[in-house]
Amino acid sequence: MEKYLTINSKKVVFDSEKNLLEVIRKENIELPTFCYHPELSVQGSCRLCMVEVDRKGILSACSTPPETGMEIKTNTEQIIEMRKIIVELLLANHDRECTTCAKSESCKLQTLARRLGINELRFKNVMHKESKDVSTYSLVREPSKCVLCGDCVRFCDEIQSVGALGFVGRGSKSVVCPSFGKVLASSECVYCGQCARVCPTGAIVPKSEVNYVWKALSDPKKKVIIAIAPAVRAAIGEVFGLAGENGTEVAGKVVTALRTMGFAKIFDVSFTADMTIVEEANEFIDRLSKDDDIPMFTSCCPAWVKFVEQYYPDFLQNLSTCRSPQGMYGSIARRIMPEMLEIPKEDLIVVSVMPCTAKKYEARRPELAKDGIIDIDYVLTTQELAMMIEEAGFHFAKLESSAFDMPFGFKTGGGVIFGNSGGVTEAVLRNVVNTKSDGINESEQFNFVRGEDGIREAKIDLGNRELKIAIVYGLKNARNVLRDIKANKSRYDFVEVMACPGGCIGGAGQPIYTDLSVRKTRTKVLYENDRAMELHKPQDNPYVQKIYKDYLGKPGCRQAHEYLHTGYRYKKRFNQTFEIYKSEKENNVKVNVCFGNSCIQKGSKEILKHIVDFAESGKYNVDIEVSICLEKCSKGPVVKVADQIIEHCTLQAAEKAIREELKKW
Amino acid sequence: MVSNYNKFEAVCRILKENNFDESKLIPIFQAVQEVYKYLSEEVLTFIASSLNISPAKVYGVATFFAHFTLKPKGKNIIKVCDGTACHVKKSANLIDAIKKKLDLKENESSTKDMLFTIEIVACLGACGLAPVLVMNEEVHGQMTSDKVIGLIDEVLKQEGGK
């Protein structure tokens, strides 16, 4: 039976829509919302989507399922007045410095105030200006601009399973902030920045480095080089009315704009993406042959890398040690560009343009610095690049297209598709699988790894072995995949993980979008770009071959390792400790017992009791503390006595170590 | 020698009794607050880690309910009612008098020696006796500034005698 309802007296058929909001929006009526987000659970707290349902009264459309025969009105006088009051109340509590706000012109609150014709506020301004949180390289939090919609909180929890942000307090005192009211840098935030993408206002925004780059450009002594990531070309056109435009064309316009701005060289990160594939494929084959540290995880997403570092120390060795394309660009540029540009090393400024906020953090990872100097000076997001183009006053759409500079301007399609979820896998397969594909275009040979789902699996026959691959986006999906690998429920050889939905094209540094179909368009741009390229296999890139020949040697060799690989380390999540026992004397032996989840299960409680009894019995000079996690979960229970870490600790081992340490005292 | 072992052991026991179940967060908080008298950052983080949820979520629940306190409380707790009836009967004067007596600044609620904590509560349900305060679980009605200072002096005398 056909299901229908009426919206503003018009009969409308509905099918599987989960709520009235979806039905109404399908009818091209844009009900305003803050807290509703198609990727997230329904919260129903902003009350902006209220509609009048005959015989039921006023209901929020987002949390009301459609029923047949419902008579809905979306624009009665009462509803219009209520909506206005809600927005006015929000504005009365809002930092309304719109002209200096990073979200100006893309802010939902600003748009809504205009749409609803709010030209004066009937309420007194009660805004408390709170200080900005600028603790991270990636994001800026401005609590006075928060409308408490909770989109950031739910994205971080439901899609990324990180939960760095939460609601704190109650009623008029509610705020959204990291745990214990601390700054973001001290939280578990992985800097994916998706909170900023879903934030309807300017309460969380990517941190801008535009001013530093302008400054560097105006310094006559400096030579500033720049490289743009694959995903940038798929999205920057949206800002200038060129959504879905051919990637080569858009990239060409970007090159022209950058050259006019005064960048000395304009490169393509797709080139180092090709290098990443060559190096990563080599590493993969090596691991497969030794059957060592399989599955291999991709490591080009810095948010995913931080995620593994802080939640899964046991899987660290599974991460590919290859630097990300940005990391490789940085180290290779530092190595060869001063000579090429005939300038002293210190006069080279290296800039990258990324679709990503986490890349800003990645660039500053100490692991990627050489002699304490970081390779990449500034990381711009796609948004920031667009802003620079606007600031320079260029009519982007009318710019002529021009070519990237060599040597890092030449790429294969394999490097370009990096920006899509599944792209890294596809490019690795193009490198690893040597079978000739009769009649199949090289760019389409492995297209079965493409798709829109957050977890995809693929199998491929290598002749002597079948490869099993997982392609994942969203860190909660990644968590589920890791859980199954840990529990031996699934086995993979290769796992690609990107933190952002759709991969880098959906990164938080990209132009703001609300319609999810935008991601499809961007994905398509990159695949089409690949198809139009001359070469598709990264190993065929003649310039990559030349860089290896002139500077590095062979993939995987010592030189290549120095410039193209990196390392990872545990990132302690909890620094809090409990003081359990303290001797009255000073200068005591410090004992630390791990009470992380797995250590508790493996008997840390018994150990703690034993050593407390031991310390008390002899009134020994011992201080005993409990740590929430010493991050050696697979080797628990873990006890630290002075500087010595005892894995798989027993009652006897702990006591023995303490006795020995006491003797030294 | 200082041993906090029993308290910590109690937290472990409470978590286990609640099956490390995220949905039992509130009963866990209540029981842990009985032991520690307040919910410290360490305790909340430990609960988050043990229940496998993010500290932000745990912190959010703990700050939502007025019943949970995240700061250590003094030995003697004075709850002053500022409900409608007490407010009309000038409970504000009582609060001022107590704060002055205890040398508490505007946003302070506990004395430095942790002997006293003042809490302002919405209604104690004894409006007929307004203004009302509860000192260490004992209800005192029709309070005046002088009377409350007398009560505090009494406690101070006892504490001093120990």
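Just so we're on the same page: letters track the sequence lines, and every chain starts at 1.
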Seminar exercise, completed: If one checks every heavy atom of A:Leu165 against chain B at 4.5 Å, the contacting part turns out to be backbone
For this session: Write out, in numerical order, the residues from residues 148-163 of chain A with a heavy atom short of 4.5 Å from a heavy atom in chain B.
Result: A:Asp157, A:Val162, A:Gly163
For this session: Look at atom CG of B:Asp113 and say whether more than 12 heavy atoms of other residues, nucleotides or ligands are closer to it than 6.0 Å.
Result: yes
For this session: Indicate yes or no: at least one non-hydrogen side-chain atom of B:Asn4 is less than 4.5 angstrom from one of A:Phe578.
Result: no
For this session: Sort out for me which of A:Asp623, A:Asn597, A:Val626 touches chain B most, counting heavy-atom pairs under 4.5 Å.
Result: A:Asn597
For this session: Could you pull out all residues at least two apart from A:Tyr361 that satisfy side chain to side chain donor-acceptor pair (under 3.5 Å)?
Result: A:Arg365
Exercise. Would B:Tyr5 and A:Ile624 satisfy side-chain contact (heavy atoms from CB on, under 4.5 Å), going step by step from the backbone distance to the final call?
Worked result: CA-CA 9 Å; B:Tyr5 176 75; A:Ile624 302 169; over 6 Å; no
Problem set entry | chain A-proximal positions within residues 43-72 of chain B [heavy-atom distance under 4.5 Å] | B:Val43, B:Leu44, B:Thr45, B:Phe46, B:Ser49, B:Ser50, B:Asn52, B:Ser54, B:Pro55, B:Ala56, B:Lys57, B:Tyr59, B:Gly60, B:Thr63, B:Phe64, B:Phe65
Exercise. Side chains of B:Glu42 and A:Glu579: closer than 4.5 Å at any heavy-atom pair?
Worked result: no
Problem set entry | A:Lys602 atom NZ, over 12 foreign heavy atoms within 6.0 Å | yes
Problem set entry | B:Lys147 atom NZ, over 12 foreign heavy atoms within 6.0 Å | yes
Problem set entry | Neighbour count >12 (heavy atoms, 6.0 Å) for atom NE2, B:His87 | no
Without placing hydrogens or testing angles, list every side-chain donor-acceptor pair under 3.5 Å for residues 178-185 of chain A, not counting sequence neighbours.
{"from": "A:Lys182", "atom 1": "NZ", "to": "B:Glu41", "atom 2": "OE2", "distance (Å)": "2.6"}

Exercise. Checking A:Ala164 against chain B: side chain, backbone, both or neither under 4.5 Å from a heavy atom?
Worked result: backbone
Exercise. Of the backbone (N, CA, C, O) and the side chain (C-beta and beyond), which part of A:Ser187 lies under 4.5 Å from a heavy atom of chain B, both, or neither?
Worked result: neither
For this session: Can you tell which part of A:Val612 gets under 4.5 Å to a heavy atom of chain B, answering side chain, backbone, both or neither?
Result: side chain
For this session: Might you confirm whether atom NZ of A:Lys635 has over 12 heavy atoms from other residues, nucleotides or ligands at distances under 6.0 Å?
Result: no
Exercise. Does a sphere of radius 6.0 Å around NZ in B:Lys90 hold more than 12 heavy atoms from other residues, nucleotides or ligands, not counting ones at 6.0 Å or beyond?
Worked result: no
